[in-house]
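Note on naming: letters A, B, ... go to the chains in the order of the sequence lines (proteins, then strands), and numbering restarts at 1 for each one. Basis for what follows: all heavy atoms, side chains included, without hydrogens, waters or symmetry-related copies.
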Protein chains: 2
Amino acid sequence: MVQNTTSTQLRRGVIGPCILVLLSTGPRFGLQLVRELDAVGGLLTSQGTVYPLLNRLHDGGLVTSHWEVDKGERPRRYYRITDAGRAEAETFRGDWEHFSHSVSTLLTHLTPATTESETN
Amino acid sequence: MVQNTTSTQLRRGVIGPCILVLLSTGPRFGLQLVRELDAVGGLLTSQGTVYPLLNRLHDGGLVTSHWEVDKGERPRRYYRITDAGRAEAETFRGDWEHFSHSVSTLLTHLTPATTESETN
DNA sequence: AAAGTTATCATGCGGTGCAAGGTATCGTCA
DNA sequence: TGACGATACCTTGCACCGCATGATAACTTT
């Protein structure tokens with residue numbers, strides 16, 4: 001049974017763009033992204049989320065990947081954002097601003113007052 | 001093909017609680033909720049979203065419903081929030097605040113300019 | 001009657017987050 | 001050499017929910 005928390009659903013459509021935003025500041029490998037998303041409260045994810053997501057981003061041409069095998073280090077697959085990925089990240093910034101503003105407006109404009117049926 | 005916009009995914013897990021928030025100010029019927037959510041930019045929905053959602057909320061005991069058949073008016077099914085629904089709505093307020101703050105933090109703290117890391 | 005508007009409802013699809021499970025490499029200890 | 005834990009990668013399948021689509025019904029208008 002999958003946990004049906006509110007947060008789980010809220011994360012929909014957000015983690016992917018967030019990964020792109022992270023990658024826009026420099027290449028990273030998978031577990032690194034998991035840790036960074038975890039560090040930002042509320043964006044906690046699991047590896048089972050990040051790796052399929054990275055595959056999708058890769059298939060979509062939003063990121064590239066290359067193996068880096070240094071001595072004394074485990075082989076790591078680094079993901080680097082592409083121009084298309086940057087564009088997508090920028091688009092998301094606008095989408096998120098618009099969307100979050102709408103939700104916040106609805107939440108703040110309506111105070112949970114008494115039940116008064118209005119017929120405007 | 002279903003439209004796969006970013007907004008579509010962003011709405012996940014938001015519309016339900018938003019409906020609860022709306023209902024916390026007074027009972028409404030289905031189409032009324034559609035119009036009000038549509039009025040708040042970015043939360044546009046269709047009837048095919050709202051009615052199944054109301055059923056889910058009803059099954060979950062978060063709302064009750066009662067038919068209202070006034071003369072000179074079409075029969076309308078009004079939905080009223082329950083105490084459990086109010087609690088859920090309040091929980092969502094907290095969840096949303098936490099979540100949106102996390103995302104906004106990630107978006108603003110990272111400017112897409114730098115690429116100051118290695119291997120440019 | 002016929003057509004349009006308003007309202008409710010059911011069905012099925014599709015994307016995505018996530019749990020669960022698996023493989024491979026490295027360092028350490030004995 | 002072998003065992004073990006930590007790190008890092010990856011796959012599979014499920015469940016949820018927004019949405020397109022279409023049906024039904026009642027009231028109003030033509």
Side-chain angles (χ1 to χ4, degrees), chain A residues 1-20 28-38 42-60 62 65-79 92 99 103 119, chain B residues 1-20 28-38 42-60 62-63 65-79 92 99 103:
Chain A
M1 164 133 42
V2 181
Q3 58 173 346
N4 184 19
T5 62
T6 306
S7 311
T8 296
Q9 291 299 327
L10 287 181
R11 283 191 270 272
R12 290 246 168 190
V14 173
I15 298 182
C18 280
I19 286 181
L20 288 179
R28 289 146 216 247
F29 58 95
L31 268 194
Q32 193 175 359
L33 288 167
V34 174
R35 294 200 194 99
E36 293 192 48
L37 287 174
D38 186 47
L43 297 180
L44 179 143
T45 54
S46 68
Q47 305 177 15
T49 297
V50 170
Y51 286 113
L53 216 165
L54 286 170
N55 282 335
R56 269 178 256 142
L57 295 176
H58 187 269
D59 293 343
L62 303 180
S65 69
H66 65 102
W67 283 94
E68 218 159 277
V69 186
D70 290 334
K71 283 195 174 183
E73 289 288 341
R74 290 151 223 77
R76 287 166 174 167
R77 190 173 183 180
Y78 278 82
Y79 295 87
F92 174 75
F99 175 74
V103 176
T119 59
Chain B
M1 164 148 41
V2 182
Q3 54 173 347
N4 182 20
T5 62
T6 306
S7 312
T8 297
Q9 291 300 326
L10 286 181
R11 283 191 270 271
R12 289 250 168 184
V14 172
I15 298 183
C18 280
I19 287 180
L20 289 179
R28 289 145 215 249
F29 58 95
L31 268 194
Q32 192 175 1
L33 289 167
V34 174
R35 295 199 193 99
E36 293 192 48
L37 289 173
D38 185 47
L43 297 180
L44 181 142
T45 54
S46 68
Q47 306 176 13
T49 298
V50 170
Y51 286 112
L53 216 165
L54 285 170
N55 281 335
R56 267 177 257 141
L57 295 176
H58 187 269
D59 292 344
L62 303 180
V63 303
S65 69
H66 64 102
W67 283 93
E68 218 160 276
V69 185
D70 290 333
K71 283 194 173 182
E73 289 288 342
R74 294 147 224 80
R76 288 165 174 169
R77 189 174 185 180
Y78 278 83
Y79 294 88
F92 175 75
F99 174 74
V103 176

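Within the 4.5 Å cutoff, side-chain heavy atoms of A/Leu33 are placed close to those of A/Leu54. Using a 4.5 Å heavy-atom cutoff, the side chains of B/Leu31 and B/Tyr51 are in contact. Under the 4.5 Å side-chain criterion, counting only non-hydrogen atoms from C-beta, B/Val34 is not in contact with B/Phe29.
Residue B/Arg12 places a side-chain atom within donor-acceptor reach of the base of D/dC17, judged by atom type and a 3.5 Å distance cut-off alone.
Mapping A/Asn55 and A/Arg76 onto DNA chain D via the closest heavy atom, the residue that lands nearer the 5' end is A/Arg76.
Taking only side-chain atoms of B/Arg77, from C-beta outward, the nucleotide of D/dC19, D/dC10, C/dC9 with the closest atom is C/dC9. Taking every side-chain heavy atom of B/Thr49 into account, D/dC19 is the closest of D/dC17, D/dC19, C/dT16. Taking every side-chain heavy atom of A/Arg74 into account, C/dT25 is the closest of C/dG17, C/dT25, D/dT11. Side chain of A/Arg35, nearest nucleotide from D/dC10, D/dA8, C/dC9: D/dA8. Closest contact between the side chain of A/Ser46 and the listed nucleotides C/dT16, D/dC27, C/dA19 involves C/dA19. Side-chain atoms of A/Arg56 lie closest to C/dG17 of the nucleotides C/dG17, C/dC18, C/dA7. Counting only heavy atoms from C-beta on, A/Phe29 has its side chain closest to D/dA8 among D/dG18, C/dC9, D/dA8. Considering only side-chain atoms of A/Gln47, the nucleotide from D/dC9, C/dG17, C/dT8 that sits closest is D/dC9. Considering only side-chain atoms of A/Ile15, the nucleotide from C/dG17, D/dC19, C/dA7 that sits closest is C/dG17. Comparing atom distances between the B/Leu31 side chain and each of C/dA7, D/dC9, C/dC18 picks out C/dA7 as nearest.
The distance between atom CH2 of A/Trp67 and atom P of C/dA24, rounded to the nearest whole Å, is 12 Å. Here C/dA19 presents its P atom at 14 Å from CG of A/Leu53, a figure rounded to the nearest Å. Look at CD1 on B/Ile19: it is 12 Å from C1' on D/dC17, rounded to the nearest Å. Whole-Å rounding puts the B/Leu37 CG to D/dG18 P distance at 11 Å.
Across all strands, B/Gly30 comes closer than 4.0 Å only to sugar-phosphate atoms, never to a base (heavy-atom distances).
Taken to the nearest 0.5 Å, the CZ atom of B/Arg56 stands 12.0 Å off from the CG atom of B/Leu62.
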